[in-house]
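As structure tokens, the structure follows; a few thoughts come after it.
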2 protein chains.
Amino acid sequence: MAVTIRDVARTAGVHVSTVSRTFSAPHLVNPETRVRVLAVAEELGYRPNRAARALTTGRTGNLGLIVADIANPFFPPLIKSAQAHARERDYHVFVADTDEDPRVEEELIRTFAKQVDGLLLCSPRLSGRAIDRLNVEIPFVVVNRQVKGLSTVLMDVAQGARSAVEHLLRLGHRRIALLAGPSSSWNSSAIEEAAASAALAGGAELAVLGPNPPTEQGGELAAAEVLRSGATGVLAYNDLIAIGLIEALDELGVAVPGQLSVVGFDDIMPARVISPKLTTVAMPTVAAGRAAVDALLRLVESPATGTTRTTLDTSLVVRASTAAAPSPAVARPR
Amino acid sequence: MAVTIRDVARTAGVHVSTVSRTFSAPHLVNPETRVRVLAVAEELGYRPNRAARALTTGRTGNLGLIVADIANPFFPPLIKSAQAHARERDYHVFVADTDEDPRVEEELIRTFAKQVDGLLLCSPRLSGRAIDRLNVEIPFVVVNRQVKGLSTVLMDVAQGARSAVEHLLRLGHRRIALLAGPSSSWNSSAIEEAAASAALAGGAELAVLGPNPPTEQGGELAAAEVLRSGATGVLAYNDLIAIGLIEALDELGVAVPGQLSVVGFDDIMPARVISPKLTTVAMPTVAAGRAAVDALLRLVESPATGTTRTTLDTSLVVRASTAAAPSPAVARPR
DNA sequence: TTGAAAGCGCTAACAC
DNA sequence: GTGTTAGCGCTTTCAA
């Protein structure tokens with residue numbers, strides 16, 4: 001067994017409570033004693049057992065971060081940003097992946113509940129009711145989803161969707177397809193709504209296709225349907241879908257952006273690398289990671305303060321996957 | 001405070017130990033009592049506190065997974081595979097990222113030490129000595145690095161490097177540059193050694209360039225040096241470096257594979273998507289995640305059995321970033 | 001400023 | 001088959 005507070009106390013010739021105080025309330029202990037205790041602790045390689053500490057204090061110094069899919073390049077920057085920011089505040093963050101499965105998500109929340117002080121839920125697939133129910137056990141901050149009564153960090157996807165649609169409109173597209181994400185995704189609904197109203201305002205049609213799995217494969221499988229829809233411009237729920245679509249289109253010999261313009265969401269790395277480079281709505285993932293940790297720590301450290309809501313701006317990055325609509329549409333009488 | 005074993009005991013009219021047994025040794029309790037206890041537990045929403053349990057049993061049911069960089073697409077598949085496999089064995093896995101910083105790595109190991117039963121160290125940047133020292137506190141399985149005395153899971157990068165070099169040799173390349181990874185990377189040394197001997201055997205020169213950060217930027221920054229080296233073929237430590245290099249080369253107007261052939265390592269998603277599609281050595285990350293969990297659980301559950309070593313095969317995936325060396329080299333007298 | 005002692009939620013002998 | 005009890009490593013009153 002590792003070295004405990006008892007070992008330190010014994011060899012330093014003090015009581016355990018003194019050792020404890022040396023670490024958790026140094027100002028309450030005589031400087032000389034403190035120095036001696038610290039020296040012994042150092043020598044023995046003593047490290048306070050956070051789990052045991054948590055048992056009495058109810059505080060672990062850990063945060064949990066649950067994401068839908070760690071393999072989606074959208075998440076890692078957010079995770080890293082959260083970890084770095086938490087570390088500055090002397091917290092550690094443990095990450096887990098739900099595989100887009102609400103049941104796994106619930107189980108993870110329960111497992112984390114006793115081992116961390118608070119939880120960051122990124123793109124949760126759980127129902128609002130389930131979230132509320134679980135929230136009594138542990139503080140949450142929800143990212144990428146609006147849940148009333150909870151602290152949330154949102155990225156303004158509605159604004160992003162509007163910009164994307166307007167961009168397509170400006171290029172002369174009059175029939176636009178939206179490749180929706182999972183039906184449990186709050187962002188997907190927000191995108192759909194905003195895209196629909198922007199299309200309407202611009203006198204264009206919006207065909208909503210989906211739900212689609214938020215993966216490359218989701219995009220590949222949707223290619224045929226996109227073609228069938230007669231759209232000249234496509235807005236995809238995320239870059240993974242957009243990339244899968246572009247690859248499938250390439251197989252089918254459909255030129256992007258010549259015959260079909262494609263816009264994604266997220267601005268993940270492969271989006272910059274694919275050919276044609278993807279026009280996409282960049283998400284402020286790094287800022288979101290920071291904001292989420294801030295909000296959570298506020299909740300954890302001063303529960304009295306209420307919940308917070310943060311909405312971060314998104315911005316359209318125009319690259320090479322969008323171009324003027326093919327002539328028939330452009331030439332259409334006004 | 002959440003519901004504890006005491007609450008369940010009280011409302012079920014039994015002693016806490018009976019409740020405890022209901023969960024940890026059900027066969028020792030009268031079926032009727034068990035049913036009643038379970039019912040009450042369910043109703044009250046009781047969940048055993050794993051941290052408290054760990055205090056007495058020394059077992060948490062959690063595993064830790066530490067990676068150098070969660071944002072490197074190489075890791076997520078390994079992480080997912082480990083999580084899924086651990087879940088089958090009724091363990092949870094918590095992930096943390098070291099940002100390639102050995103100090104952070106050490107701190108994370110210490111933090112994890114008391115909260116998990118064992119640790120998966122993926123591509124650790126710590127010295128072998130430090131790893132040994134920390135290992136007394138908690139069982140390790142090391143992935144992507146050979147550490148004697150410890151259980152390891154290796155991917156056969158030497159074989160991969162050999163295949164890659166031979167592939168370039170067959171295409172007529174006689175001057176090959178190797179973009180090395182971080183000097184603390186065990187794999188990088190292994191690749192270098194294997195590539196050197198394969199090049200030698202094939203009568204080609206190998207110029208080792210680096211160390212380079214294992215990132216896109218690392219590749220971008222190395223482009224000038226690659227050009228200066230006069231190499232016609234490049235083997236990069238990983239796909240990120242290869243991709244960064246290709247992008248920089250594109251900026252500089254150097255044709256890939258026309259003027260320069262590029263091979264990467266890992267086979268991450270963007271490698272399939274970049275143009276030209278990247279020739280690369282595929283790493284068995286999914287198998288590695290499984291194997292690592294198996295090895296760790298063996299260590300955790302029956303410490304008596306010794307350590308294990310697993311080496312998994314890699315395979316060269318030939319795509320479009322490699323082609324015959326430009327004519328001067330090809331035409332060179334034999 | 002320090003020691004003594006109770007207790008956090010749970011398990012594991014040991015009795016009954 | 002179930003209750004009793006003594007901790008696991010630590011913090012936190014309360015006294016001294």
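Worth saying up front: this structure is predicted, and the values here are computed from it rather than measured. Numbers restart at 1 for each chain; the letters A, B, ... are given by sequence-line order, proteins then strands.
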Taking the nucleotide of DNA chain C with the nearest heavy atom to each, does A:R34 or B:Y46 sit closer to the 5' end?
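Result: A:R34.
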
For B:K114 and for B:H27, find the nucleotide of DNA chain D with the closest heavy atom, then tell me which residue's nucleotide is more 5'.
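Its nucleotide being nearer the 5' end, the pick is B:H27.
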
Is it the case that the side chain of B:T311 and the backbone of B:L154 share a donor-acceptor pair, with hydrogens and angles ignored and the cut-off at 3.5 Å?
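Side chain of B:T311 to backbone of B:L154: no pair is present.
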
Backbone N or O of B:K114 within a donor-acceptor pair of the A:R50 side chain at under 3.5 Å?
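Checked: no pair found.
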
Could you tell me how far apart [X] ([atom1]) and [N] ([atom2]) are, to the nearest whole angstrom?
{"X": "A:I5", "N": "D:dG7", "atom1": "CD1", "atom2": "C1'", "result": "16 Å"}
{"X": "A:R6", "N": "D:dT11", "atom1": "CZ", "atom2": "C1'", "result": "12 Å"}
{"X": "A:R50", "N": "D:dC10", "atom1": "CZ", "atom2": "P", "result": "13 Å"}
{"X": "A:N49", "N": "D:dC10", "atom1": "CG", "atom2": "C1'", "result": "8 Å"}
{"X": "B:R10", "N": "C:dG9", "atom1": "CZ", "atom2": "C1'", "result": "13 Å"}
{"X": "A:L28", "N": "C:dG3", "atom1": "CG", "atom2": "C1'", "result": "14 Å"}
{"X": "B:R59", "N": "C:dA12", "atom1": "CZ", "atom2": "P", "result": "10 Å"}
{"X": "A:L44", "N": "D:dG9", "atom1": "CG", "atom2": "P", "result": "14 Å"}

Does a salt bridge link [X] with [Y], judged by any charged N lying under 4.0 Å from a carboxylate O?
{"X": "B:E106", "Y": "B:R110", "result": "yes"}
{"X": "B:D7", "Y": "B:R10", "result": "yes"}
{"X": "A:E107", "Y": "A:R103", "result": "no"}

I'd like to know if A:R21 reaches the base of C:dG3 with its side chain, counting only an N/O donor and acceptor under 3.5 Å.
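Present.
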
Checking only heavy atoms, does the side chain of B:S17 share a donor-acceptor pair with the base of D:dT5 at less than 3.5 Å?
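No, the side chain and the base share no sub-3.5 Å donor-acceptor pair.
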
Out of [options], whichever nucleotide has its closest atom nearest the side chain of [X]:
{"X": "B:L55", "options": "D:dC8, C:dC10, D:dG3", "result": "D:dC8"}
{"X": "B:H15", "options": "D:dG9, C:dG9, D:dT5", "result": "D:dT5"}
{"X": "B:N30", "options": "C:dT2, D:dT2, D:dC8", "result": "D:dT2"}
{"X": "B:T18", "options": "D:dG3, D:dC10, D:dG7", "result": "D:dG3"}

Counting only side-chain N and O atoms of [X], is one of them less than 4.0 Å from OP1 or OP2 of [N]?
{"X": "B:T57", "N": "C:dA12", "answer": "no"}
{"X": "B:T33", "N": "D:dT2", "answer": "yes"}
{"X": "A:S20", "N": "D:dT11", "answer": "yes"}

Give A:V14 one of three labels, base, sugar-phosphate or nothing, depending on what nucleic acid heavy atoms sit under 4.0 Å from its own.
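Sugar-phosphate, backbone atoms only, no base.
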
